[in-house]
Q: 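Let me begin by handing over the structure; questions about it come next.
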There are 2 protein chains.
Amino acid sequence: MTQKSDLLYELAWLSRPLHQEIEAAVSAMLAETTVTVRMRSVLEQLSKLGPSTVPQIAKALDIKRQYVQIMMNEVEAVGMVERSENPAHKRSTLFHLSESGAAIIRQIRDAEGKIIESFGRNLTLDEVERAHHVMEHLLTSFRTLNQRLKT
Amino acid sequence: MTQKSDLLYELAWLSRPLHQEIEAAVSAMLAETTVTVRMRSVLEQLSKLGPSTVPQIAKALDIKRQYVQIMMNEVEAVGMVERSENPAHKRSTLFHLSESGAAIIRQIRDAEGKIIESFGRNLTLDEVERAHHVMEHLLTSFRTLNQRLKT
DNA sequence: AAATTATTGACAATCAACTTGTCATAAATC
DNA sequence: GATTTATGACAAGTTGATTGTCAATAATTT
């Protein structure tokens, strides 16, 4: 095992504690709001993708549509999303952020952004870009591997 | 929001799908063995830390001792770990890898290492080192943040 | 040495974030 | 027009944990 491979192995596994800590941080920051982590994640997708159907968001999050449906029902119930007039009711319901939903996710995103910004003070843009590239490479490598392993 | 912060935000969130894909890959590779993902993780810690108690491993994995106890009971039940003669039974049971446990985790680690090695072909050692540094920085930043948020 | 406090193992209940399976209906494709 | 696919709704099960509690033992304080 080369030094490079060993370090890459370690790097890959950093994703576990990192993900753990990020979830904890997000959850702590949401604690005083009425938004849960899973509601936040739907709102985030809608703000990123624009008006979308449940199956589309499921694909983006790589989880089952049935679970996204639950999440979507929750945010709809509190009026954070609304159904769009769907051109000819083509296939399924299009959802979009309501005014309140848009405001809420913007606010959450801003608060999170400030924190991330402070984390970036010690890093250069170049460093972040290269790290991003390496992590993307790892991600697509694992995706390809899993594609192969599934069959 | 600067470009750097935006990219760093994205980078942080890459940990989610990455962790997801890694778990899936590990799980798929273990599918033909008698080892489960959580058993693998105990064996890995024991091989990394040497003989350890349940609470020590819980700390290393940052999960509760009660859950690690379950994991440890499982690997003990199939003879992959054994209890060490504990100097004066000082506080709690020390566990160490049995011969079979050591062989199994070595074999798993080797197979995984080969795959990671192939993923690293397109990357330089320098790139991996820098990425590792950035991700470590992110991780400690989030840990510190969570420490503050918890109080 | 005695009293107090902390740690461990064991067990039970609960939770969050999912997946899997099924059904009816509506839409898209052949 | 017939067949296949997609969607929404609902139910049950799984995994990876957490929280709470208890008794026994070990460590610390007085």
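The figures here come from the full heavy-atom set of this structure, side chains too, leaving out hydrogens, waters and symmetry mates. Protein chains get the first letters and strands the later ones, always in sequence-line order, with residue 1 at the start of each. Just so it is clear, the structure is predicted and the values come from calculations on it, not from any experiment.
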Q: Given dA10(C), dT19(C), dG8(D), identify the nucleotide with an atom nearest to the side chain of K64(A).
A: dT19(C)
Q: Quick one: I63(A) CD1 to dT15(D) P, roughly how many Å, whole number?
A: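 Rounded to whole Å, this separation is 18 Å.
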Q: To the nearest angstrom, how far is R38(B) atom CZ from dT14(D) atom P?
A: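 The answer, rounded to whole Å, is 13 Å.
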Q: From CE of M71(A) over to C1' of dA9(D), roughly how many Å is that when rounded to an integer?
A: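 Distance check: M71(A) CE to dA9(D) C1' gives 17 Å.
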Q: Using atom CG of D62(B) as one end and atom P of dT18(D) as the other, report the distance to the nearest whole Å.
A: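 Those two atoms, CG and P, are 8 Å apart.
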Q: Do the side chains of E127(B) and R130(A) get close enough for a salt bridge, i.e. N-O under 4.0 angstrom?
A: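 Salt bridge between E127(B) and R130(A), a charged N being under 4.0 Å from a carboxylate O: no.
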Q: Can you say whether the rings of F142(B) and F119(A) are parallel (under 30°), tilted (30 to 60°) or perpendicular (over 60°)?
A: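 F142(B) and F119(A): perpendicular rings.
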Q: To the nearest Å, how far apart are I70(A) CD1 and dA9(D) P?
A: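 Computing the I70(A):CD1 to dA9(D):P distance gives 11 Å.
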Q: So that I can tick it off, tell me whether E117(B) and K4(A) are bridged by a salt bridge, with the cut-off set at under 4.0 angstrom between side-chain N and carboxylate O.
A: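 Salt bridge: no.
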Q: Rounded off to whole Å, could you give me the CD-to-C1' distance for the Q69(B) and dG9(C) pair?
A: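 Answer to the nearest Å: 5 Å.
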Q: Measure from CG on L30(A) to C1' on dA16(C) and round the result to the nearest Å.
A: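 Roughly 15 Å, once rounded to whole Å.
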Q: Got a donor-acceptor pair under 3.5 Å from the side chain of Q66(A) to the base of dG8(D)?
A: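 Looking at the base of dG8(D), it does not pair with any donor or acceptor on the side chain of Q66(A) (distance under 3.5 Å).
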Q: Which whole-number value in Å describes the distance from R83(B) CZ to dT8(C) C1'?
A: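 R83(B) atom CZ is separated from dT8(C) atom C1' by 12 Å.
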Q: Compare the minimum distances between each of dA9(D), dA17(D), dG9(C) and the side chain of R65(A), then state the nucleotide with the smallest one.
A: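 Within the option list, the nearest is dA9(D).
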Q: Answer yes when R16(B) and E21(B) have at least one side-chain N-carboxylate O distance shorter than 4.0 Å, and no when they do not.
A: no
Q: Any carboxylate oxygen within less than 4.0 angstrom of a Lys/Arg side-chain nitrogen, looking at K48(B) and E44(B)?
A: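 Not counted as a salt bridge, because no side-chain N and carboxylate O are separated by less than 4.0 Å.
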Q: Kindly point out which of dG8(D), dC18(C), dT18(D) is positioned nearest to the side chain of Y67(A)?
A: dC18(C)
Q: When you check the phosphate oxygens OP1 and OP2 of dT7(D), does a side-chain N or O of T93(A) lie under 4.0 Å from one of them?
A: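 Answer is no, no contact under 4.0 Å.
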Q: Tell me whether the side-chain N or O atoms of Q20(A) pair up with the base of dG16(D) as donor and acceptor below 3.5 Å, since no angle test is needed here.
A: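 Answer is no: no donor-acceptor pair is held.
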Q: At 4.0 Å (heavy atoms only), tell me whether R16(B) reaches a base, stays on the sugar-phosphate, or touches nothing.
A: sugar-phosphate
Q: Can you identify which nucleotide, out of dA17(D), dG9(C), dA10(C), has its nearest atom closest to the N73(B) side chain?
A: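 Minimum distance to the N73(B) side chain belongs to dA10(C).
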